[in-house]
Amino acid sequence: MQREPPVPRDLDAFQGRVREVYRDHYRPMEWRADPAPYKVFISEIMLQQTQVPRVMRLFPLFLARFPGFGELANASFADILQAWTGLGYNRRARYLQEAACLVRDRHGGVLPREVETLRTLPGVGAATAGSIAAFAYNVPAIFIETNIRRVFIHHFFPDRREVHDREILPLVEQSLDRENPREWYWALMDYGALLARSGDNPNRRSRSYVRQNSFRGSDRQLRGMVLRHLVDHGSIAAEDIPAYGAAEGFPPVRVEAVLKRLEDEGFLQRTETGAIVLRR
DNA sequence: GTCCCGTAGC
DNA sequence: GCTACGGGAC
């Protein structure tokens with residue numbers, strides 16, 4: 001038997017509340033002041049898994065270095081990774097450049113506006129495609145990300161656990177301001193960010209909530225160390241590889257395993273002397 | 001130590 | 001469905 005989805009009895013009241021919060025808690029951001037497609041695109045990729053304050057710090061530096069899709073597509077990967085330092089999840093830096101190449105080669109240098117087309121870009125999933133369409137082009141896309149999820153769980157599922165995104169999506173659709181989706185989604189996200197800071201995080205009652213393993217001692221930590229080292233120093237000599245990471249307690253076998261995976265993923269290469277360098 | 005944040009690949 | 005993937009704030 002299908003569970004009856006909770007109906008927003010007073011959608012007007014909900015929308016009113018969202019707008020009220022928005023007026024009081026609007027967060028100014030460079031990519032909001034000027035929602036040019038390139039700025040929106042870069043900011044949304046950065047904002048995957050990375051909080052707004054950190055993105056705000058690094059975004060202007062990245063934009064100064066790579067002002068548009070052409071410059072990003074033509075840049076060396078080492079330069080991009082350098083500008084990415086501090087944001088984490090470095091695969092995004094690779095997707096970003098691959099996407100820039102696709103925009104240049106397949107879309108005439110113009111970021112597509114259709115959600116389905118945006119979704120074909122590497123590193124762009126449902127949430128990012130919807131965000132880009134809404135923010136860059138004011139398209140009334142229907143999507144869920146963490147802030148939106150928080151607002152709807154808080155408002156419409158106060159006593160529920162394990163709330164599925166399937167249950168939330170119809171409410172997003174019904175409440176969307178189709179006249180001005182850009183502004184509406186900014187409002188939802190600012191409201192969600194406010195809820196995150198005030199006590200319990202409603203997203204822990206989402207079906208999709210998962211706790212992550214600790215960072216210290218993880219492969220993620222080791223990968224981060226290796227890439228950071230290569231960005232700062234250019235290479236790791238062959239004879240230094242076995243002892244690399246020893247200070248943080250990583251045995252040589254783990255270092256080798258992580259290097260191999262980074263190589264397979266296209267982050268780095270080995271030279272004739274067996275040294276490790278970033279991909280050309 | 002705990003938390004936060006989407007995508008890809010399986 | 002599940003898991004890998006950073007790095008900083010608290």
Side-chain angles (χ1 to χ4, degrees), chain A residues 27 40-59 80-99 102 115 118-135 141 143-151 153 162 164-166 168-169 185 188-190 192-232 245 248-250 254 257-268:
Chain A
R27 297 175 295 170
V40 170
F41 178 76
I42 299 297
S43 66
E44 287 303 328
I45 300 294
M46 288 184 172
L47 287 164
Q48 295 169 355
Q49 307 294 291
T50 305
Q51 293 92 335
V52 168
R54 238 193 305 168
V55 172
M56 289 185 71
R57 216 164 16 87
L58 292 162
F59 180 86
I80 294 175
L81 202 55
Q82 210 269 322
W84 197 261
T85 299
L87 287 168
Y89 289 110
N90 299 298
R91 287 202 280 234
R92 291 183 294 168
R94 289 198 308 112
Y95 296 147
L96 199 62
Q97 183 167 35
E98 288 167 31
L102 288 176
V115 171
L118 288 166
R119 278 272 1 223
T120 66
L121 299 173
V124 177
T128 305
S131 303
I132 292 172
F135 295 142
F143 65 97
I144 296 182
E145 52 72 73
T146 193
N147 290 302
I148 297 172
R149 190 178 288 125
R150 252 195 295 267
V151 172
I153 291 179
E162 303 284 301
H164 201 288
D165 283 353
R166 277 195 304 261
I168 300 176
L169 218 44
Y185 276 119
L188 278 183
M189 291 187 186
D190 288 351
L194 179 71
L195 289 174
R197 293 194 299 272
S198 57
D200 288 338
N201 181 358
N203 281 351
R204 293 194 204 154
R205 294 189 285 108
S206 161
R207 180 87 195 237
S208 48
Y209 180 77
V210 266
R211 271 190 58 185
Q212 187 180 52
N213 297 333
S214 83
F215 177 61
R216 188 137 171 82
S218 69
D219 283 354
R220 284 179 297 130
Q221 183 191 6
L222 184 50
R223 284 168 64 102
M225 285 168 54
V226 169
L227 292 179
R228 181 63 184 260
H229 181 100
L230 292 176
V231 162
D232 291 344
E248 298 288 332
F250 291 102
R254 283 191 66 188
V258 157
L259 288 177
K260 169 147 180 31
R261 262 179 290 141
L262 284 170
E263 194 179 355
D264 291 345
E265 288 175 38
F267 279 102
L268 51 81

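Worth saying up front: this structure is predicted, and the values here are computed from it rather than measured. Below, read A as the first sequence line, B as the second, and so on, with proteins coming before strands; counting in each chain starts at 1.
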Exercise for the section: Answer with base, sugar-phosphate or nothing: what part of the nucleic acid does A:Phe267 contact at a heavy-atom distance below 4.0 Å? Expected result: nothing
Practice task
Just call it for A:Arg216: base, sugar-phosphate, or nothing, with non-hydrogen atoms closer than 4.0 Å on any strand.
Solution key: nothing
Practice task
Could you check whether A:Ala196 gets within reach of a base, just the sugar-phosphate, or nothing at all, counting any heavy atom under 4.0 Å?
Solution key: nothing
Exercise for the section: Under 4.0 Å between any heavy atoms, over every strand shown, what does A:Gln49 touch: base, sugar-phosphate, or nothing? Just pick one. Expected result: base
Fill in the blank from the handout: Sorted by position of nearest nucleotide on DNA chain C, 5' first, the leading residue of A:Arg207 and A:Gly86 is A:Arg207
Exercise for the section: Please work out if A:Arg149 contacts a base, only the sugar-phosphate, or nothing of the nucleic acid, heavy-atom cut-off 4.0 Å. Expected result: nothing
Practice task
Classify the nucleic acid contact of A:Arg94 as base, sugar-phosphate or nothing, counting any heavy atom under 4.0 Å across all strands shown.
Solution key: nothing
Practice task
Indicate, with a heavy-atom threshold strictly under 4.0 Å, whether A:Ser214 touches base, sugar-phosphate, or nothing.
Solution key: nothing
Exercise for the section: Whole angstrom is fine here: how far is it from CZ in A:Arg91 over to C1' in C:dG6? Expected result: 11 Å
Practice task
For A:Pro53, report the nucleic acid contact type (base, sugar-phosphate, nothing); a contact means any heavy atom under 4.0 Å.
Solution key: nothing
Exercise for the section: Looking at every strand, decide which applies to A:Arg119 at a 4.0 Å heavy-atom threshold: base, sugar-phosphate, or nothing. Expected result: sugar-phosphate
Practice task
Could you list where the contact with chain A starts and ends along DNA chain B, reading 5' to 3', using a 4.0 Å heavy-atom cut-off?
Solution key: B:dT2 to B:dA8
Practice task
For A:Arg204, report the nucleic acid contact type (base, sugar-phosphate, nothing); a contact means any heavy atom under 4.0 Å.
Solution key: sugar-phosphate
Fill in the blank from the handout: Of A:Arg220 and A:Val210, the one whose closest nucleotide on DNA chain C sits nearer the 5' end is A:Val210
Exercise for the section: Take A:Arg54 and A:Val124, find for each the nucleotide of DNA chain B with the closest heavy atom, and name the residue whose nucleotide sits nearer the 5' end. Expected result: A:Arg54
Fill in the blank from the handout: Residues passing the salt bridge (Lys or Arg N to Asp or Glu O under 4.0 Å) test with A:Arg94, sequence neighbours excluded, are A:Glu98
Handout entry: Euclidean distance, A:Leu262 CG relative to A:Arg91 CZ, rounded to 0.5 Å
Key = 9.5 Å
